[in-house]
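Here is the structure we will look at, set down as structure tokens.
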Amino acid sequence: MTSTLIKGGSIVTATGLVRADILKVDGVITKVGVVEDTADEIINAVGHLIFPGLIDCHVHFREPGFEHKATMKSESVSARAGGVTCVCDMPNTNPPTVTVAALSDCIRRAKNITDCDIRFFFGVTSGIHLATLKDLWTSNSEELQSFKKRCCGVKLYLDHSTGNQKIEEDLIEEVFAACAECNIPIIAHCEDPEINRLAKAASMSEDIAEHSVMRPVKSEAKSIQKAIALVKKYNTAFHVAHLTSKRGLEFVTKAKAEGLPVTCEVAPHHLLLSTNDYKELGTLCKMNPPVRGVADNEALWQALEEGAVDCVASDHAPHTLAEKQEGRPLDAPSGVPGVETSLPILLNRLKPERIYKLMFENPNRIFGLGKEDIVEGSKADIVIVDATVKKEIHAADLHGMCRWTPFEGREVRGEVTRVV
Ligand code: DOR
Ligand code: ZN
């Protein structure tokens with residue numbers, strides 16, 4: 001039997017902070033309240049914040065297929081160092097997670113990972129994948145039911161991005177109808193392929209900043225608007241991935257006001273980075289959807305503060321520095337790492353109870369992850385954070401494989417001191 005006592009910390013809940021000791025015995029929280037000083041290990045957490053293990057509902061851990069960029073093991077260590085102990089991994093791996101065989105392989109690999117609980121989105125690009133997904137969700141087979149438990153929903157790319165997984169246009173409506181019927185949450189990368197195609201064709205410049213011009217705000221807004229029209233028709237649970245713009249947000253807010261099951265997430269890079277940063281960061285701030293103007297950064301921060309956005313998800317998408325820096329800048333792979341830096345970025349500006357909702361309560365509910373909170377009888381991970389620490393982000397201090405960050409030198413707040 002091993003016991004750990006965390007003394008005097010402030011547990012973060014949806015409604016504020018609660019001062020209490022926490023006793024964990026053999027992985028189970030046996031007492032929350034006032035606990036006597038008897039345990040194998042006693043951690044003094046006075047003045048520290050205590051979160052349940054945080055959830056990042058949008059990451060690319062690159063395994064299988066791109067282990068030179070990252071692995072489940074390397075990125076799970078990085079996640080945990082940032083207080084994240086559950087992630088939802090995207091299907092643009094190789095092979096892509098669009099078959100039962102690929103999903104079961106991902107699940108088998110994840111079983112060996114102890115730092116982080118990895119769940120998987122199933123990808124759908126053609127009809128056969130949709131048929132497989134329906135089977136996965138409705139089958140009585142014990143094996144398929146066990147796979148379903150590790151699958152958090154379906155990921156749709158409404159335009160191409162890294163991995164070229166754009167769904168066939170005439171299949172989209174069928175997916176919305178089927179997912180509504182089977183109760184499968186959809187998360188979608190919202191960009192409109194036709195608007196992007198025309199913007200790219202009109203582009204004359206080789207400058208990296210052109211990336212944001214070639215994938216404009218109106219592309220995101222149009223794509224969200226079209227998807228919401230399908231939500232209206234079928235009542236599908238629909239989540240907008242990495243929302244970047246005020247205009248996109250307006251469609252989400254309107255849909256929510258109409259009572260539609262629409263939610264959204266924002267990524268830290270769309271809060272901190274703007275088109276002004278291309279000059280200094282070059283391809284290190286190239287991602288899809290791209291960075292926007294500072295007015296959008298501010299609109300998204302405000303939406304987080306006011307509760308108009310449901311989740312913060314990193315869209316952790318590591319590429320090697322060499323891949324980012326070789327060749328024509330506009331051809332560099334899109335994507336930036338971020339799973340380890342979300343919490344200190346948010347602590348710099350948001351109240352802890354807001355972060356609790358954005359990175360625990362809401363993603364847990366939206367994707368049915370079943371993660372437990374810090375209560376007696378639960379096996380919740382306990383993240384202890386010294387929120388008084390002010391520091392700068394440096395790639396050298398991070399644990400992911402790619403060894404660079406678009407947030408180099410940024411001043412943030414808070415340090416994860418332990419995860420129990
Ligand atoms: O910037 C991005 N990178 N956007 C995506 O949609 C995919 C991701 C990746 O996998 O690199
Ligand atoms: Zn992504």
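Numbering of ligands and ligand atoms starts at 1, following listing order.
In this structure, F61 and M90 have side chains that are not in contact, with every pair of non-hydrogen atoms separated by 4.5 Å or more.
At a 4.0 Å heavy-atom cut-off, ligand 1 touches R62 through the side chain alone. With a 4.0 Å cut-off on non-hydrogen atoms, S161 touches ligand 1 through its side chain and not its backbone. Within the 4.0 Å heavy-atom criterion, neither part of V336 lies near ligand 1. Residue contacts with ligand 1, taken as heavy atom pairs separated by less than 4.0 Å, do not involve K286 at all. Residue M287 touches ligand 1 through backbone and side chain together, judged by heavy-atom distances below 4.0 Å. Only side-chain heavy atoms of H189 come within less than 4.0 Å of ligand 1; its backbone N, CA, C and O stay farther off.
Inspection of the environment of the Zn ion (ligand 2) yields the following protein N, O or S atoms under 2.8 Å: H58 NE2, H60 NE2, D315 OD1.
Counting only distance, with no hydrogens or angles, the side chain of D373 and the backbone of V375 share no donor-acceptor pair below 3.5 Å. For E340 (side chain) and H399 (main-chain N/O), a donor-acceptor pair under 3.5 Å exists by modelled atom type.
The distance criterion of under 3.5 Å between nitrogen or oxygen atoms is not met by Y157 with respect to ligand 1. Taking any N or O of N92, backbone or side chain, at least one lies under 3.5 Å from an N or O belonging to ligand 1. In terms of polar-atom proximity, A317 is not counted as a contact of ligand 1, lacking any N or O under 3.5 Å from an N or O of the ligand.
The existence of a salt bridge linking K233 and E173 is confirmed by a sub-4.0 Å separation between a basic side-chain nitrogen and an acidic carboxylate oxygen. A salt bridge does not link R119 to D89: none of the charged nitrogens lies less than 4.0 Å from a carboxylate oxygen. Between E411 and K390 there is no salt bridge, since no side-chain N of the basic residue sits under 4.0 Å from a carboxylate O of the acidic one. A salt bridge links D277 with R410: at least one charged nitrogen is closer than 4.0 Å to a carboxylate oxygen. Ion pairing between E258 and K232 holds under the 4.0 Å rule for side-chain N and carboxylate O. Between D117 and R150 there is a salt bridge, with a side-chain nitrogen of the basic residue lying less than 4.0 Å from a carboxylate oxygen of the acidic one. We find that E298 and R349 are joined by a salt bridge, their nearest charged nitrogen and carboxylate oxygen being less than 4.0 Å apart.
Remark: ligand 1 atoms within the under-4.0 Å shell around heavy atoms of H319 are 11 (O). Distances below 4.0 Å separate heavy atoms of G335 from the following atoms of ligand 1: 1 (O), 2 (C), 3 (N).
For atom 3 (N) of ligand 1, the nearest protein heavy atom (residue, atom name, distance) is S334 O, 3.0 Å. Annotation: atom 4 (N) of ligand 1 to nearest protein heavy atom, N288 O, 2.9 Å.
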Distance-only criterion, 3.5 Å: show the donor-acceptor pairs between side-chain atoms of residues 165-172 and protein atoms not counting sequence neighbours.
| unit_1 | atom_1 | unit_2 | atom_2 | d |
| --- | --- | --- | --- | --- |
| Q165 | NE2 | P91 | O | 3.2 |
| K166 | NZ | E169 | OE1 | 3.2 |

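When each of H316, H68, H319 is checked for a side chain to side chain donor-acceptor pair (under 3.5 Å) with R62, only H319 meets the rule.
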